Amino acid sequence: MAMRAATLAAATAVKGAAPNGLRALLFSTSRFPFSPPPTQTEKPPPAEPSNNLFVSGLSKRTTTDGLREAFAKFGDVVDARVVTDRVSGYSKGFGFVRYATIEDAEKGRVGMDGQFLDGWVIFAEYARPRPPPPSPQSSVQNGPNGTPMQWRT
DNA sequence: AGTGAGCGA
């Protein structure tokens with residue numbers, strides 16, 4: 001019991017001896033001494049502007065032609081495709097629209113973002129740069145000692 | 001299945 005009383009006394013002593021510096025840090029100034037993460041619920045920036053648009057929220061029935069015709073009202077569409085599954089051939093619900101210039105892409109993006117297409121609200125934003133396709137020269141891979149590896153004996 | 005956020009033969 002003596003130990004517990006001593007501990008309590010020590011605790012109260014520590015509590016009573018709480019430094020004024022801490023309270024000054026907590027209540028004095030306008031900012032807390034902790035790190036400021038006030039914006040954790042921020043959405044990441046979509047992408048850098050380009051002439052290529054990523055269109056999501058498409059209906060399953062929306063085809064490449066429908067996508068091009070819908071976006072052609074805001075500029076010259078160079079390439080438009082709805083991403084379809086290779087084996088089933090059905091739409092995956094998103095596609096890409098490439099305009100001739102970036103200004104047309106900007107107009108098409110702000111003009112078609114949030115609009116209805118075949119009964120679905122679509123979202124148009126700038127597409128991310130695509131990974132470059134493998135060139136035939138880079139397909140030759142060498143082994144650890146420099147000798148080219150053999151495939152499919 | 002015609003699934004519902006996402007980034008393509």
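The structure presented is a predicted model; accordingly, all values stated were derived computationally and were not measured. Note on naming: letters A, B, ... go to the chains in the order of the sequence lines (proteins, then strands), and numbering restarts at 1 for each one.
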First of A:Val83 and A:Ser56 reached from the 5' end of DNA chain B, by closest nucleotide: A:Ser56
Residues forming a side-chain contact (heavy atoms from CB on, under 4.5 Å) with A:Arg61, sequence neighbours excluded: A:Ser59
Test item: A:Ile122 and A:Phe71 side chains (from C-beta on) under 4.5 Å apart, heavy atoms: yes
Sugar-phosphate only, base, or nothing, as touched by A:Leu53 at under 4.0 Å among non-hydrogen atoms: nothing
Pairing residues for A:Phe94 by the ring pair (Phe, Tyr, Trp, His ring centres under 6.0 Å) criterion, not counting sequence neighbours: A:Phe54
Residues which pass side-chain contact (heavy atoms from CB on, under 4.5 Å) with A:Ala72, listed by chain and number, not counting sequence neighbours: A:Val77
A:Lys73: salt bridge (Lys or Arg N to Asp or Glu O under 4.0 Å) partners, not counting sequence neighbours: none
Those residues that, when tested against A:Asn51, pass side-chain contact (heavy atoms from CB on, under 4.5 Å) (two or more places apart): A:Arg98, A:Ile102
Residues in salt bridge (Lys or Arg N to Asp or Glu O under 4.0 Å) contact with A:Asp85, at least two apart in sequence or another chain: none
Touch class at under 4.0 angstrom, heavy-atom based, for A:Asn52 against every strand present: base
Touch class at under 4.0 angstrom, heavy-atom based, for A:Arg86 against every strand present: sugar-phosphate
Strand-adjacent residues in residues 90-98 of chain A, judged by heavy atoms under 4.0 Å from DNA chain B: A:Tyr90, A:Lys92, A:Gly93, A:Phe94, A:Phe96
Nearest-0.5 Å distance that lies between atom CG in A:Asn52 and atom OH in A:Tyr126: 11.0 Å
Outermost nucleotides of DNA chain B that come under 4.0 Å of a non-hydrogen atom of chain A: B:dG2 to B:dA9
Distance-only donor-acceptor pairs under 3.5 Å for side chains of residues 110-118 of chain A, two or more places apart:
residue  : atom : partner  : partner atom : Å
A:Asp113 : OD1  : A:Ala124 : N            : 2.9
A:Asp118 : OD2  : A:Thr62  : OG1          : 2.7

Partner set under salt bridge (Lys or Arg N to Asp or Glu O under 4.0 Å) for A:Arg128, not counting sequence neighbours: none
For A:Val87, the rest of its hydrophobic cluster, which grows through side-chain links under 4.5 angstrom: none
Sugar-phosphate only, base, or nothing, as touched by A:Ser88 at under 4.0 Å among non-hydrogen atoms: nothing
Residue-level proximity of residues 119-131 of chain A to DNA chain B when a heavy atom falls under 4.0 Å: A:Trp120, A:Glu125, A:Tyr126, A:Ala127, A:Arg128, A:Arg130
